[in-house]
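This report concerns only the one structure given below.
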Amino acid sequence: MAVDPSLTCSGWALFSVVGGVLLSVGKLRGLGPSISMALRLEKLQGDIGRVLEGLGLGEEDVLVCEAPTTMRDPHNAIKVEQVRGLFESLARARGVVVPGRINPRTVQYEVMGLRGKQTLRAEVKLAALRTVEYLYAQPLAQMGLTDLSKHQDIVDAILIGRLALVRLENARNGGGPLESNFEAQAQQNRRSWRVKACGVSD
């Protein structure tokens, strides 16, 4: 199960690890900002629990969430992290394996083929939509989803799941622990960060 967590609307996608078949997709809508944060999280916790129960997820399954990207809005990042934590902790309580997270920038590079300088958000969304349509148009049509422009949260979850499947396959072929495959990628991402030195004028 791949998740694009959000306080307003979380998208999720369920795959079969064998064959990478897209089995099901959905959204979890949260309460509006006029409701207290405590009640919003309480509702989401119940909704997430019901989805996991309905899908019958357990010890044979894996859940992977989208990782946080930037801290341009720390308050929003903290809110989303709470939602992410709900998905992961409720999954673990059911025995589901939570090996790590997938960085959306890595998805852009490895799944969508975006290279070089960071692309504008609108262009990334369009590329994501086209990639998912190309890869999963048939199963999505069978689920009644033909206009993906109205389901960006699901699109993002599907892409997270696509890359998670590659990580799972790599771990299985390599014979090592599943978690180490996700951790190695996270460490590689951290090593790629650079701090520009301030130039000193003469």
Side-chain angles (χ1 to χ4, degrees), residues 1-15 20-35 40-41 43-45 47-48 50-52 54-55 62-88 91 100-167 189:
M1 183 178 186
V3 180
D4 174 32
S6 169
L7 189 58
T8 54
C9 185
S10 297
W12 60 266
L14 184 69
F15 294 84
V21 178
L22 180 62
L23 301 174
S24 184
V25 297
K27 296 180 185 180
L28 285 176
R29 295 192 180 278
L31 297 173
S34 61
I35 308 299
R40 295 173 79 182
L41 291 172
K43 178 185 182 297
L44 274 174
Q45 180 172 328
D47 290 346
I48 293 168
R50 281 185 285 275
V51 168
L52 298 179
L55 295 174
V62 177
L63 180 138
V64 176
C65 285
E66 180 186 69
T69 50
T70 64
M71 289 292 287
R72 284 179 295 185
D73 183 352
H75 295 292
N76 188 55
I78 291 170
K79 291 175 183 178
V80 175
E81 184 61 31
Q82 291 181 81
V83 177
R84 188 180 288 109
L86 286 175
F87 274 100
E88 293 176 340
R101 299 168 175 179
I102 295 284
N103 189 300
R105 296 276 175 87
T106 308
V107 172
Q108 293 172 23
Y109 183 83
E110 294 191 26
V111 181
M112 296 160 58
L114 299 179
R115 301 286 191 271
K117 187 178 178 180
Q118 178 64 27
T119 311
L120 294 175
R121 184 171 175 80
E123 293 177 18
V124 172
K125 285 188 173 185
L126 182 58
L129 191 100
R130 288 177 175 169
T131 302
V132 169
E133 285 177 338
Y134 175 77
L135 294 171
Y136 299 106
Q138 184 175 351
L140 287 169
Q142 291 172 349
M143 296 174 203
L145 290 178
T146 52
D147 184 3
L148 290 178
S149 64
K150 299 177 181 178
H151 305 285
Q152 188 67 47
D153 305 292
I154 290 175
V155 167
D156 293 342
I158 290 173
L159 293 173
I160 292 292
R162 176 77 176 192
L163 185 52
L165 288 170
V166 174
R167 297 277 184 270
N189 289 341

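The first residue in the sequence is number 1, and the count goes up from there. These figures come from a predicted structure and were not determined experimentally. Because only heavy atoms are used, hydrogens play no part in the values below, and waters and symmetry mates are left out as well, while side chains stay in.
- For the pair I35 and R40, the tightest heavy-atom approach, listed with the atom from each and the gap, is O-CD, 3.4 Å.
- Rounded to the nearest 0.5 angstrom, F87 CZ and L44 CG are separated by 7.0 Å.
- With contacts defined as side-chain heavy-atom distances shorter than 4.5 Å, the pair M112/V124 qualifies.
- Listed by chain and number, the residues in a side chain to side chain contact (heavy atoms under 4.5 Å, CB included) with S149 are L129, D147 (sequence neighbours excluded).
- Of all the heavy atoms in A13 and L22, the pair that sits closest is CB-CD1, 4.1 Å.
- Distance check, rounded to the nearest 0.5 Å: OG1 of T131 to CD of Q108 gives 10.0 Å.
- Remark: side-chain polar atoms of R84 are paired, donor with acceptor, to backbone N or O of E66 under 3.5 angstrom.
- Heavy atoms only, all atoms of each residue included: I102 and R167 are closest at CD1-CG, 4.1 Å.
- Taking each heavy atom of L23 and F15 in turn, the nearest pair found is CD1-C, 3.9 Å.
- With rounding to the nearest 0.5 angstrom, the CG atom of L55 is 13.5 Å from the CZ atom of R50.
- Atoms OG and CD1, on S10 and I48 in that order, are 6.0 Å from each other to the nearest 0.5 Å.
- The nearest pair of heavy atoms linking S24 to M143 is N-CE, 3.7 Å.
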For residues 151-165, please give each side-chain donor-acceptor pair under 3.5 Å, one per line with the distance, not counting sequence neighbours.
from : atom 1 : to   : atom 2 : distance (Å)
H151 : ND1    : K27  : NZ     : 3.1
Q152 : NE2    : D156 : OD1    : 3.0
R162 : NH1    : Y136 : OH     : 3.2

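- The side-chain heavy atoms of V83 and L41, taken from C-beta on, include a pair separated by under 4.5 Å.
- Scanning both residues, R101 and A67, for their nearest heavy atoms gives CB-CB, 3.7 Å.
- Under the salt bridge (charged side-chain N to carboxylate O under 4.0 Å, His left out) criterion, R130 pairs with no residue at all, not counting sequence neighbours.
- Counting heavy atoms from C-beta outward, L52 and M1 have side chains that approach closer than 4.5 Å.
- Expressed to the nearest 0.5 Å, how far CG of L7 lies from CG of L28 amounts to 12.0 Å.
- Looking at K43, its side chain does come within 3.5 Å of a backbone N or O of R29 through a donor-acceptor pair.
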